[in-house]
Number of protein chains: 2
Amino acid sequence: MSTSKQVLIVDDEAPIREMIAVALEMAGYQCSEADNAQTAHAMIVDRQPDMILLDWMMPNMSGIELARRLRKDETTAAIPIIMLTAKGEEENKVKGLEAGVDDYITKPFSPRELVARLKAVLRRATPKGVEDPVAVDGLMLDPVSHRVTSNDKPIDLGPTEFRLLQFFMTHQDRAYSRGQLLDMVWGGNVYVEERTVDVHIRRLRKALGKQHDYLVQTVRGTGYRFSAQIA
Amino acid sequence: MSTSKQVLIVDDEAPIREMIAVALEMAGYQCSEADNAQTAHAMIVDRQPDMILLDWMMPNMSGIELARRLRKDETTAAIPIIMLTAKGEEENKVKGLEAGVDDYITKPFSPRELVARLKAVLRRATPKGVEDPVAVDGLMLDPVSHRVTSNDKPIDLGPTEFRLLQFFMTHQDRAYSRGQLLDMVWGGNVYVEERTVDVHIRRLRKALGKQHDYLVQTVRGTGYRFSAQIA
DNA sequence: CTTTTATATGACATAATTGTTACACGCTAT
DNA sequence: ATAGCGTGTAACAATTATGTCATATAAAAG
């Protein structure tokens, strides 16, 4: 899971937080915890988690109050929220949804259910935009069908090579260091050797074949560049 | 009711969306929701719903603006739209109809009325051949008779496999993640494991047999794609 | 023409993803 | 109830992808 999501758990009862955290971590998420709305708010503004699990009933500021506040702030408005509530508080569901909550789980719930709904919400929260195909020489990459063709002949690439090529084709004529490529293509927070980039470059070139491997150019002492100009 | 229709509900007020969604789901429709015109537009282009319920008044882009935009785009022009509007906005009715809206309901309305008019619109609109048979290679799916044939030999599919195939055949050459497939084929509000998709893919492939199983292609690291192009 | 440094390449072990089968549960109709 | 079907999950197998070496080549530097 290279792009593991940050989940903030807000609940005043420590055992519950623990339980949730364990479940989520087993599912590959990274968790932070807060035991009240105040510190939660601070943490959210500061760390911008990908998702918030928010208990309904808490001392001082209630969960819903926090939700409202987050929705008003532009920098936090888009973060999906799942409300946790005790059985029998169903009437509050409408209020919750009014406050912009994305989903709603009543305690007690199974870890499995929690993870499932969390996934569903995350899925929905990221509407995938429509991307246009890019082409150079006779090489075309279509993000929609997720296909690459060299003069109409299909080329098959591993996921990483695909992302690498996609990045290159949308950032042509510019040299990137291995470090930059790791950031952009692999995603910032993975630790892999820079040499790994070389290997994937090699794999990409191989897949492109004689016809198009010239597009991937090495910039000695710096990194690599994708360009149609034979430098 | 295995040929359930996808309805997108666009309204900025969550409780209203909820209410509508519940009503429609009880009537056998599958619902997605959007709370603003922007994301609605993205979802429409992406998922091509069978029907759109569109609130008149919304922040940023108004419903009518979205309607106009959809009508201009060839890929979305045929999707029927029902406008929701508050009482006393009757004057806008003309504008709405000018913009290509198919019907018009004033709030408040009963769920029963909504469903009735939705059915009526769907019946007479029958958007660009959603009810027409589709065929690829020698594989044909006829939504009306609810039949699938491979070179005129009948294939029998379970309900889910049928919907999956139908979705694929009407959305060819696009890679879909398991999550997206769950949203589109299973319906937005179910919480099932993503791996379940794999199993149904398998069942579908098996049913298609050697003759046509190549149409269902796996896009490693992403999901699946239905295409006649071998790759 | 060496030496030094940087990149290319092929091979591997391991990790991640997908395919496949089996099974249990809930429905429906008998 | 019972039998049959459709579904979702779990478990295991098969396949593919990834990162890291070790080594070969190639380009600059001396």
Side-chain angles (χ1 to χ4, degrees), chain A residues 1-4 26-28 110-113 115-117 119-120 146 148 155-165 175-179 181-182 185-187 189-210 213-225 231, chain B residues 1-4 28 146 148 155-165 175-179 181-183 185-187 189-210 213-225 231:
Chain A
M1 201 79 37
S2 47
T3 320
S4 93
M26 287 200 314
S110 70
R112 161 189 292 273
E113 183 190 5
V115 172
R117 298 179 75 154
K119 273 186 195 164
H146 212 274
V148 179
I155 287 185
D156 95 340
L157 299 174
T160 303
E161 281 74 58
F162 185 90
R163 287 198 309 271
L164 184 56
L165 180 59
Y176 291 96
S177 72
R178 293 172 174 74
L181 289 173
L182 283 177
V185 179
W186 272 252
N189 32 17
V190 284
Y191 174 67
V192 287
E193 295 292 323
E194 294 205 335
R195 292 275 150 269
T196 299
V197 175
D198 295 34
V199 177
H200 283 276
I201 287 282
R202 150 73 173 154
R203 287 168 181 161
L204 178 55
R205 280 172 170 161
K206 197 174 186 180
L208 292 181
K210 287 199 173 30
D213 60 358
Y214 76 94
L215 291 165
V216 180
Q217 307 167 354
T218 112
V219 183
R220 200 149 236 271
T222 303
Y224 299 93
R225 169 184 53 200
Chain B
M1 248 27 42
S2 12
T3 320
S4 84
H146 210 272
V148 180
I155 286 184
D156 89 344
L157 298 174
T160 304
E161 281 73 57
F162 184 87
R163 272 178 300 155
L164 184 56
L165 180 59
Y176 291 97
S177 71
R178 294 170 174 74
L181 290 173
L182 284 177
D183 278 353
V185 179
W186 274 252
N189 304 42
V190 285
Y191 305 105
V192 291
E193 295 292 323
E194 297 203 336
R195 283 304 256 95
T196 298
V197 175
D198 295 42
V199 177
H200 283 277
I201 287 282
R202 149 77 172 153
R203 288 168 181 161
L204 177 56
R205 279 173 170 159
K206 198 173 186 180
L208 292 181
K210 286 198 167 61
D213 60 358
Y214 77 94
L215 291 165
V216 180
Q217 307 168 352
T218 116
V219 183
R220 209 146 225 276
T222 300
Y224 297 94
R225 170 183 54 202

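Proteins get letters first, then strands, A, B, ... in listed order; numbering begins at 1 in each. Just so you know, these numbers use all the heavy atoms, side chains as well, and skip hydrogens, waters and symmetry mates.
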Pairwise side-chain contact, A:I201 with A:L164, heavy-atom cut-off 4.5 Å (strictly under): yes
What integer distance in Å separates A:F162:CZ from C:dT17:P? 17 Å
Separation of B:D156 atom CG from D:dC5 atom P, in whole Å? 10 Å
Rounding to a whole Å, what distance do you find between A:Q217:CD and D:dA27:C1'? 17 Å
Taking for B:L157 and for A:V197 the nucleotide of DNA chain D with the nearest heavy atom, the one nearer the 5' end belongs to B:L157
Worked check of side-chain contact (heavy atoms from CB on, under 4.5 Å) between B:R163 and B:W186: CA-CA 8 Å; B:R163 272 178 300 155; B:W186 274 252; 5.5 Å; no
In whole angstrom, give the distance that lies between atom CG of A:L204 and atom C1' of D:dA17. 15 Å
Would you say D:dT18 has OP1 or OP2 under 4.0 Å from some side-chain N or O of A:T160? yes
Could you go through nucleotides 18-20 of chain C and list every protein N or O atom that sits under 3.5 Å from one of its N or O atoms, giving the distance for each pair?
{"from": "C:dT18", "atom 1": "OP1", "to": "B:G221", "atom 2": "N", "distance (Å)": "2.8"}
{"from": "C:dT18", "atom 1": "OP2", "to": "B:R178", "atom 2": "NH1", "distance (Å)": "3.2"}
{"from": "C:dT18", "atom 1": "OP2", "to": "B:R178", "atom 2": "NH2", "distance (Å)": "3.2"}
{"from": "C:dT18", "atom 1": "O5'", "to": "B:R178", "atom 2": "NH2", "distance (Å)": "3.3"}
{"from": "C:dT18", "atom 1": "O4'", "to": "B:R220", "atom 2": "NH2", "distance (Å)": "3.3"}
{"from": "C:dG19", "atom 1": "OP1", "to": "B:R205", "atom 2": "NH1", "distance (Å)": "2.7"}
{"from": "C:dG19", "atom 1": "OP2", "to": "B:Y224", "atom 2": "OH", "distance (Å)": "2.5"}
{"from": "C:dG19", "atom 1": "N7", "to": "B:R195", "atom 2": "NH2", "distance (Å)": "3.3"}
{"from": "C:dG19", "atom 1": "O6", "to": "B:R195", "atom 2": "NH2", "distance (Å)": "2.4"}

Ring-plane angle category for B:F162 and B:H146, please: parallel below 30°, perpendicular beyond 60°, tilted otherwise. parallel
Is a donor on one side and an acceptor on the other found under 3.5 Å between the side chain of B:R205 and the backbone of B:V216? yes
Using whole Å, report how far CD of A:E193 lies from C1' of D:dA22. 14 Å
Less than 4.0 angstrom between a side-chain N/O of B:W186 and OP1 or OP2 of D:dG8, yes or no? yes
Starting at atom CG of A:L182, determine the distance to atom C1' of D:dT20, rounded to an integer number of angstrom. 13 Å
Both B:G158 and A:P159 contact DNA chain D. Taking the nearest nucleotide for each, which residue is further toward the 5' end? B:G158
Would you mind reading off the distance between B:E161 atom CD and D:dC5 atom C1', rounded to a whole angstrom? 12 Å
Donor-acceptor pair (no angle test) under 3.5 Å: A:R203 side chain, D:dG19 base: yes
Quick one: do A:Y214 and A:L208 satisfy side-chain contact (heavy atoms from CB on, under 4.5 Å)? Show the steps, please. CA-CA 9 Å; A:Y214 76 94; A:L208 292 181; over 6 Å; no
Would you sort out whether B:Y176 and B:V219 count as a side-chain contact (heavy atoms from CB on, under 4.5 Å), showing the intermediate values? CA-CA 9 Å; B:Y176 291 97; B:V219 183; over 6 Å; no
Test log, rule side-chain contact (heavy atoms from CB on, under 4.5 Å), inputs B:L204 and B:L165: CA-CA 8 Å; B:L204 177 56; B:L165 180 59; 4.0 Å; yes
